[in-house]
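One structure is given below, encoded as structure tokens.
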Amino acid sequence: MKGRLARWGWSLFAWGLILLVAAPLVWMVATSLKPEDEVFSLEPALLPEEPTLEHYATLLTETGFAGYFANSATIATATTVVVVGLAVLGAFSLARFRYRGRETIASAVLLCYMLPSVVLIIPLYLMMVKLGLANTIASLVIAYTSFALPYALWLLRTFMAAIPAEIEQAALIDGASRMGAFFDVLLPQALPGIISTALFTFILAWNEYLFALVLVNADDVRPLTTGVMTMLVSGFNIEWSLLMAASVMMSVPLIIILAFLQGYLVKGFGAGAVKG
Amino acid sequence: MASIAFEGLTKRFGTTDVVRGIDLAVPSGAFLSLLGPSGCGKSTLLRMLAGLEDPSEGRILFDGEVVNDVPPGRRDIAMVFQSYALYPHMTVAQNIAYPLRKRGVKRAERDAAVARVAAMLQLDALLARRPRELSGGQQQRVALGRALVRDPRIFLLDEPLSNLDATLRSLMRSELVALHRRIGRTMVYVTHDQLEAMTMSTHVAVIDGGVLQQFGSPADVYRRPANRMVAGFIGTPAMAFLDGVVAAGRLLVAGEVVAATGAADGAVTVGVRAEDVTIGDGGIAARVSHVEAVGHETLVTLEGGFGRVTARAAADCALVPGDAAAWAARAERLHLFDDRSGVRLDAPCSPVRGPTPRDEQHDG
Amino acid sequence: MMAATAKLRGDGWLGPLLIAPVVVVLGAVIGYPLFTALALSLFEVDTPTLRASFAGIGNYAELLGPGGRFWPALGVTLVWTAATLALQVVLGVAMALLLNRDLWLRSLARSLVLFPYFVSTVVAVLVWRWLFNDLFGLANQGLMALGVIEAPIDWLGTMPNALLSVIVVGAWKFFPFVVIAVLARLQTIPESLYDAARLDGAGAWGRFRDVTLPQIGEVLGIVVLLRAIWDFKEFDLIYLLTGGGPVDATRTLPLTVYQEAFGLNRMGMAAAYAVAMMIVMLGFFVAYRLAVRGRS
């Protein structure tokens, strides 16, 4: 009896802490559903008294939000496809072949993975201007590979190194070529790792702010991050409920991923981040 | 079917030689065991046979043809890995069919071959399962099936039984022998278990420190071990090694003459197997230090000024630790090794048919 | 590692071929820009016109000199990094221990804890700026209702509030990384170790100190290093919360680089700041490599 009470107490305590951490997010959702007069109230209620979706409607019809959303989706998807495609082959090479310079490349990749974006932003800006790519979606996809590719490569290399090489060797003896063994055996084994890497890459690209700030200043190519911030700056007085609605909408892909694919994210943590 | 030959085979990782200048040849249809303690280089040797590692020096020949530059898939070999290395995302049937698929064998033919192998290994009921749904023994049979389905000229087996429990292991041992007899293919079997090597092989290569210590039939390596390493590695309980002296055609251990020998005078190492020791009234005095009843027999360890020997005694042996006992060994079964290099001295020992030392003293 | 990489004859070109596209792309988006940044740092460049004149080490002399902002910015960066990291570790380990026990709706709990880490910094900052709003923000209203404060506090516009706010928001945003890394390690600690400690008479604290802590120590070391690197180079969170203000009170090195390039239009000087910052980070990188190598 005492044990069960203690467990209940423990769970309540833990959930109290978790809700404290989640409080800003709860507040975000609550604000987005409140009518204007409830938002600017000096005695605010936690939950909206008369919940409304008007801010979401305003967001989608009267602002550039839908366009930003589409741009972000395009940019993040394109970045993910390019980066994961390159990284899968590169990680296979780093994890399964022996050649001169391999360790140097691996170290360089790690170094790139820790490089601050502000160092690259100036030269990349100049490069995009020179190439005539300034203010294009392509410029962001190219810039995003600079942080997403080293990350994806490192993650995938760790995933692949953890798969026993004997299974591929069995395939070689059974008559497969190196690439044949890769497609028949390694790739299916690495699939969870590839999904995890793709999700991480997508989220990184979806959330990126600095490159978007510097490389793009036309409204029709702006992604969500800088787009929503312009909404904050351009309004005469700040419409917090509208911004909270935008924040919620912007987090929808993440909410979907966390709800259904959480395991893959957690796996990615274990592999890429903490192991060398 | 194929004969196999190694010529001066060497494998170097960095500056360490894992395999050093191995020469040996087995005829087609042989069952060759590569036997040695873990880390001795036997697995590397097998991986070179498979084409998974490049030799640093030397040649590998199948049927007199150098295969150094032939990739693994074209060597016409099959391999069973210690970890089984089954394809986890494929069913048992797909696993077994994979080598055929990679060789462009038609679907119908493939299915027939899988069915044939499955029947042979009693895997029929498991064909739709995935490897993780199988027990260790079943996985082992699938790995074997994948090797058998293609009828390759050489089978390579890398400690295939080491992950099985004792009962299953002894069952699989006899099944493998029966299989070898039935299909008559050349098999190369890596193991650190001398019992497996002794019971299954036609040829045994004992390897230690990357060097071939002895190559011969199981009976050869047991009866005439080439050096102390081989002698100590093969046989349970392990051979006892005692310090001995050869003087004027007599072999002395702890001052007692134990045999007549043709070896040159000087210090030698004397090897004694447990089954050659008899505990009785006469012989070298000792004290019982350890008694191990294993059911059908009792192993008695004796210690004294000579060192330590183990004897196989009858199951009803009544000795207990602390008892005084005397032992003698069958002279013609003693093994003599050079006391420094450990190399076998090829001088036969025989029972002493002359005066005992005490008699000599009397005479003198 | 040796066994994992079987080199096979006839495919000696395949390994390098597979990595080649990566090398080319990284050369283009990292290697070349890095080289350009180094070169730029030796010039005075006007951002709008891109007119440049050679300055030698003039930029470096200025930024390290008495009027330069490198040292103050480095100070701010180190204070921010150390403080937010300490909070992340304490909060992260505590939460990991909580989540490691039986808990109702554990998966939902984990999602909620992970959310701040994966959510866009823009979203995080908007929410917190709303919470910090002087009149209608929950922070001021809540504290006033509780009687802790009498008048609204300016959370982001004055010191030391601004720096503290940034540190707290940073801790909130990034602590889940510590949670997941530590949690993964905790789940590999065999229950038998705790049983053994219990048999030896260890209490709850003793079990934590003698079993848990040594087991998570290594992971924690790596996590701290990684987070130190990432916090050190953090731009979005601080830029969006305070913009570096009030005045330069929260202007870390990355923000200084950005401001020099696009606020003060001194692109060469910005590059010099960036290079100086990278040199500091190289120290972190070497420490990380040594730590990881020491582990394996």
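A, B, ... follow the sequence lines: proteins, then strands. Residue 1 opens every chain.
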CZ (C:F118) and CD1 (A:I255) are apart, to the nearest 0.5 Å, by 14.0 Å
Bottom line for C:L282: the part with an atom under 4.5 Å from chain A's heavy atoms is side chain
_pair C:L126-A:M229: side-chain heavy atoms closer than 4.5 Å_ = yes
Comparing C:A124, C:P254, C:A39 against chain A, the one with the most heavy-atom pairs below 4.5 Å turns out to be C:P254
The interface call for C:F115 against chain A, heavy-atom contacts under 4.5 Å, is both
field: Sidechain-backbone polar pair: C:K233 side chain, A:L115 backbone, donor-acceptor under 3.5 Å
entry: yes
Does C:W172 reach the side chain of A:P24, with side-chain heavy atoms less than 4.5 Å apart?
yes
Can you list the steps and then say if A:L149 with C:V22 is a side-chain contact (heavy atoms from CB on, under 4.5 Å)?
-> CA-CA 8 Å; A:L149 183 56; C:V22 170; 4.2 Å; yes
All heavy atoms of C:M281 vs all of A:P116, minimum pair found to be SD-CG, 3.4 Å
Correct closest heavy-atom pair for C:L18 and A:L89 would be CB-O, 3.7 Å
Any side-chain heavy atom of C:V122 sitting closer than 4.5 Å to one from A:L224? no
Interface check, chain A: of C:V125, C:I30, C:L255, C:L131, most non-hydrogen pairs under 4.5 Å belong to C:I30
(message) What I'd like to find out is whether the side chain of A:I122 reaches to under 4.5 Å of the side chain of C:E260, using heavy atoms alone.
(response) no
Minimum side-chain heavy-atom gap A:L210-C:Y258 below 4.5 Å: yes
Which atom pairs, one a donor and one an acceptor, fall under 3.5 Å between side chains of residues 272-280 of chain C and the rest of the protein, sequence neighbours left out?
from	atom 1	to	atom 2	distance (Å)
C:Y273	OH	C:R69	N	3.0

In terms of heavy-atom pairs under 4.5 Å with chain C, the winner among A:A259, A:S107, A:A23, A:A246 is A:S107
Whatever's closer than 4.5 Å to a heavy atom in chain A on C:Y239 counts as side chain
Value for OG1 (C:T47) from OH (A:Y125), rounded to nearest 0.5 Å, stands at 7.5 Å
Flag if over 12 foreign heavy atoms under 6.0 Å of OH, C:Y32
no
Inset, instruction - Test C:F262 against A:L213 for side-chain contact (heavy atoms from CB on, under 4.5 Å), laying out the working first. - result: CA-CA 11 Å; C:F262 302 102; A:L213 177 68; over 6 Å; no
Quick note, side chain to side chain donor-acceptor pair (under 3.5 Å) partners involving residues 120-132 of chain C, not counting sequence neighbours, are A:T31-C:W130
Applying a strict 4.5 Å limit to non-hydrogen atoms, the region of C:A20 in contact with chain A is neither
Chain A shares the most heavy-atom pairs under 4.5 Å, among C:A109, C:P21, C:A94, C:P116, with C:A109
Nearest heavy-atom approach of A:S93 to C:G15 is OG-O, 2.7 Å
Of C:V25, C:L240, C:V257, the largest count of non-hydrogen pairs under 4.5 angstrom with chain A goes to C:L240
Note: vs chain A, highest number of non-hydrogen pairs under 4.5 angstrom among C:V113, C:L225, C:L34 is C:L34
Max heavy-atom pairs within cutoff under 4.5 Å with chain C, candidates A:V82, A:V214, A:L153, A:I121, goes to A:V214
If one checks every heavy atom of A:I105 against chain C at 4.5 Å, the contacting part turns out to be side chain
I'd like to check A:I18 versus C:M95 (side-chain heavy atoms, cut-off strictly below 4.5 Å). Are they in contact? yes
So, the part of A:F13 with a heavy atom under 4.5 Å from chain C: the answer is side chain
Heaviest contributor of heavy-atom pairs below 4.5 Å to chain A, chosen from C:L91, C:L98, C:T36, is C:L98
Answer key: most heavy-atom pairs under 4.5 Å with chain C among A:E166, A:M114, A:M28 is A:M114
>> Quick check: do A:L120 and C:V29 have side-chain heavy atoms less than 4.5 Å from each other?
In response: no
Shortest non-hydrogen pair, A:W15 vs C:L105, comes out as CZ2-O, 3.6 Å
Original post:
Would a 4.5 Å heavy-atom cut-off, applied to side chains only, mark C:I19 and A:R102 as touching?
Top reply: no
Bottom line for C:F35: the part with an atom under 4.5 Å from chain A's heavy atoms is neither
When the 4.5 angstrom heavy-atom criterion is applied to A:L126 and chain C, the contacting part is side chain
If one checks every heavy atom of C:V119 against chain A at 4.5 Å, the contacting part turns out to be both
Distance col, row C:Y117:OH vs A:I203:CD1, nearest 0.5 angstrom, shows 10.5 Å
So, the part of C:L40 with a heavy atom under 4.5 Å from chain A: the answer is side chain
Highest number of heavy-atom pairs under 4.5 Å with chain C among A:A22, A:P164, A:A14 belongs to A:A14
When the 4.5 angstrom heavy-atom criterion is applied to A:Y99 and chain C, the contacting part is side chain
When the 4.5 angstrom heavy-atom criterion is applied to C:I229 and chain A, the contacting part is side chain
So CH2 of C:W230 and OH of A:Y113: to nearest 0.5 Å the spacing works out to 3.5 Å
When the 4.5 angstrom heavy-atom criterion is applied to A:I257 and chain C, the contacting part is neither
So, the part of A:V119 with a heavy atom under 4.5 Å from chain C: the answer is both
